[in-house]
Amino acid sequence: MATSRLQMEGDDSVLLHVTHSNLKSFAADVRFSPQMNVEAVKEKLWKKCGTSVSAMALELYDESGSKVALLSDDTRPLGFYSPFDGFRLHIVDLDPSSVTTGGWLEDTSLVEKYTISEEDYAKRTDSFRKFKEKRVSQNHVASEAKTKEDFMEDLCANIKVGDRCEVEPGEKRGVVKYVGRAESLGPGYWVGIQYDEPLGKHDGMVKGTRLFECPQLHGGVVRPDKVKVGDYPERDPFEDDEI
């Protein structure tokens with residue numbers, strides 16, 4: 001059983017719903033001992049809402065919304081005003097310069113935002129933009145370092161222009177049309193293929209660079225490890241048809 005909401009046997013505390021004059025979104029259910037004097041109640045509430053004890057007035061309302069009492073005497077115990085579970089204890093902040101006035105604690109649009117011009121921001125060396133640019137640069141350099149200029153050159157030793165081949169994935173067959181570097185695709189060696197069927201992406205023109213020539217959609221460029229050369233004749237499109 002939750003002791004924060006339900007009164008246990010032998011416990012004479014009272015559960016009050018607390019609201020605030022300036023903080024419209026502030027609402028809390030707080031348990032008080034009737035033996036606490038009003039000043040002690042204010043001390044407890046000050047820690048929850050920020051209104052100072054000296055500037056705090058307390059009003060007690062019953063469950064129907066009718067005002068029962070103004071807790072005007074700080075020395076009297078709370079029980080003197082006959083509060084019951086479910087009553088509302090309303091805080092009135094009397095300080096016109098209180099931190100709770102004007103909605104500053106609730107409406108962030110009222111808070112003046114720090115602004116900086118694009119020119120000044122660009123000059124800063126500790127900005128997130130600079131950090132991001134540095135990371136991108138480091139990652140690019142690291143990636144370039146991992147892929148050397150002679151990457152997979154050894155796999156091209158047995159691949160020659162004119163060889164019949166099969167390309168993975170998909171066991172696509174064709175003829176080798178290009179072997180070498182392709183700067184537009186990245187460091188290392190590449191193999192250009194003219195597929196027997198329109199399974200490619202281009203006609204040998206890759207990112208503005210002509211590597212070889214072939215019919216449109218018959219061209220593809222892959223890494224050497226995807227290419228097997230040998231006796232891979234052009235497939236008969238009717239070889240799987242039943243007689």
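All residue numbers in this chain count up from 1 along the given sequence.
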Closest heavy-atom pair, A182 versus L211, reported as atoms and distance to 0.1 Å, is CB-CD1, 4.2 Å

Could R129 and E118 be called an ion pair, given the rule that one side-chain N must be under 4.0 Å from one carboxylate O?
yes

Show your reasoning for whether side chain to side chain contact (heavy atoms under 4.5 Å, CB included) applies to D225 and M152.
-> CA-CA 8 Å; D225 62 340; M152 292 195 178; 3.3 Å; yes

For the residue pair H90 and S21, confirm or rule out a side-chain donor-acceptor distance under 3.5 Å. no

Checklist entry - Are D74 and K42 within salt-bridge range, i.e. N to O under 4.0 Å? => result yes

Here the pair of heavy atoms bringing L71 nearest to V38 is O-CG1, 3.9 Å

- [ ] State, yes or no, whether a side-chain contact exists between V41 and L58 at a heavy-atom distance under 4.5 Å.
- [x] yes

How about CG on D73, more than 12 heavy atoms from neighbouring residues, nucleotides or ligands closer than 6.0 Å, or not?
yes

Report task. Show your reasoning for whether side chain to side chain contact (heavy atoms under 4.5 Å, CB included) applies to E171 and Y232. Result -> CA-CA 10 Å; E171 299 182 343; Y232 296 104; over 6 Å; no

Notebook entry, point to check: Is a salt bridge present between R124 and D126, judged by a nitrogen-to-oxygen distance below 4.0 Å?
Noted result: yes

- [ ] Examine distances only and state if a side-chain atom of D150 and a backbone atom of E153 form a donor-acceptor pair shorter than 3.5 Å.
- [x] no

For D85 and S13 the tightest heavy-atom approach is OD1-O, 4.2 Å

* To do: Indicate yes or no: does E43 engage K47 in a salt bridge with an N to O separation below 4.0 Å.
  => no

Exercise. With a 4.5 Å limit on heavy-atom distance, are the side chains of I193 and V176 in contact?
Worked result: yes

With a 4.5 Å limit on heavy-atom distance, are the side chains of L185 and V221 in contact? yes

Is there a side-chain contact between L45 and M56 (heavy atoms, below 4.5 Å)? yes

Between R88 (side chain) and Y61 (backbone), is there a donor-acceptor pair under 3.5 Å?
no

Less than 3.5 Å apart, any donor N or O on the side chain of Q35 or S33 sitting next to an acceptor on the other? yes

### Heavy-atom neighbours of F84 CZ exceed 12 at 6.0 Å
no

Without swapping roles, check the side chain of R210 against the backbone of F212 for a donor-acceptor pair under 3.5 Å. yes

Discussion item. Strictly below 4.0 Å, N to O, side chains only: are E166 and R173 in salt-bridge contact?
Written reply: yes

Q.
Test side chain to side chain contact (heavy atoms under 4.5 Å, CB included) on K201 and L217; report intermediate values, then the result.
A. CA-CA 5 Å; K201 297 180 179 180; L217 299 181; 5.8 Å; no

Are side-chain heavy atoms of D203 and E213 found at a separation under 4.5 Å?
-> no

Output for pair (K24 NZ, H20 NE2), nearest 0.5 Å, gives 9.5 Å

Verify same cluster id: I159, V175 (apolar side-chain graph, 4.5 Å): no

- Query: If you group Ile, Leu, Val, Met, Phe, Trp and Tyr by side-chain heavy-atom gaps below 4.5 Å, do V227 and Y189 land in one group?
  - Reply: no

_Hydrophobic clusters here meaning ILVMFWY residues chained together by side-chain heavy-atom distances under 4.5 Å, can you tell me if V18 and L23 are in one?_
yes

In terms of heavy-atom contacts, does NZ of K44 have more than 12 from other residues, nucleotides or ligands at under 6.0 Å? yes

Is the closest basic N to carboxylate O distance between D163 and K228 below 4.0 Å? no

P187 and E149 have their tightest heavy-atom pair at CB-OE2, 3.9 Å

In short, N37 meets T75 closest at the heavy-atom pair CB-O, 3.7 Å

Assess the residue pair F32 and L16 against the criterion (side chain to side chain contact (heavy atoms under 4.5 Å, CB included)); give the C-alpha distance rounded to whole Å, side-chain angles, the decisive distance to 0.1 Å, and a yes or no. CA-CA 8 Å; F32 300 92; L16 302 179; 3.9 Å; yes

Applying ring pair (Phe, Tyr, Trp, His ring centres under 6.0 Å) to F80 and not counting sequence neighbours gives none

Ring of W190, cation from R223 - is the NZ or CZ under 6.0 Å from the centre and inside 45° of the axis?
yes

Verify same cluster id: V179, V229 (apolar side-chain graph, 4.5 Å): yes

Review point. Is a side-chain N or O of K160 found less than 3.5 angstrom from the main chain of A157, in a donor-acceptor match?
Key: no

Scanning both residues in full, the closest heavy-atom pair of L70 with E59 reads CD1-CG, 3.9 Å

Practice task
Indicate yes or no for a side-chain donor-acceptor contact from D154 to the backbone of C156 under 3.5 Å, with no hydrogens or angles considered.
Solution key: no

Discussion item. With heavy-atom distances below 4.5 Å as the criterion, would you say the side chains of P83 and L89 are in contact?
Written reply: no

Practice item. Say whether, by atom type as modelled, one donor and one acceptor occur between the side chain of Y178 and the main chain of R181 under 3.5 angstrom. Key: yes

Q.
Does the plane of the ring in F131 sit parallel, tilted or perpendicular to the ring in F128? Use 30° and 60° as the thresholds.
A. tilted

Same apolar cluster: V30 and V14, side chain cutoff 4.5 Å
yes

Check: Within a strict 4.5 Å, meaning less than it, do heavy atoms of the F87 and H17 side chains meet?
Finding: no

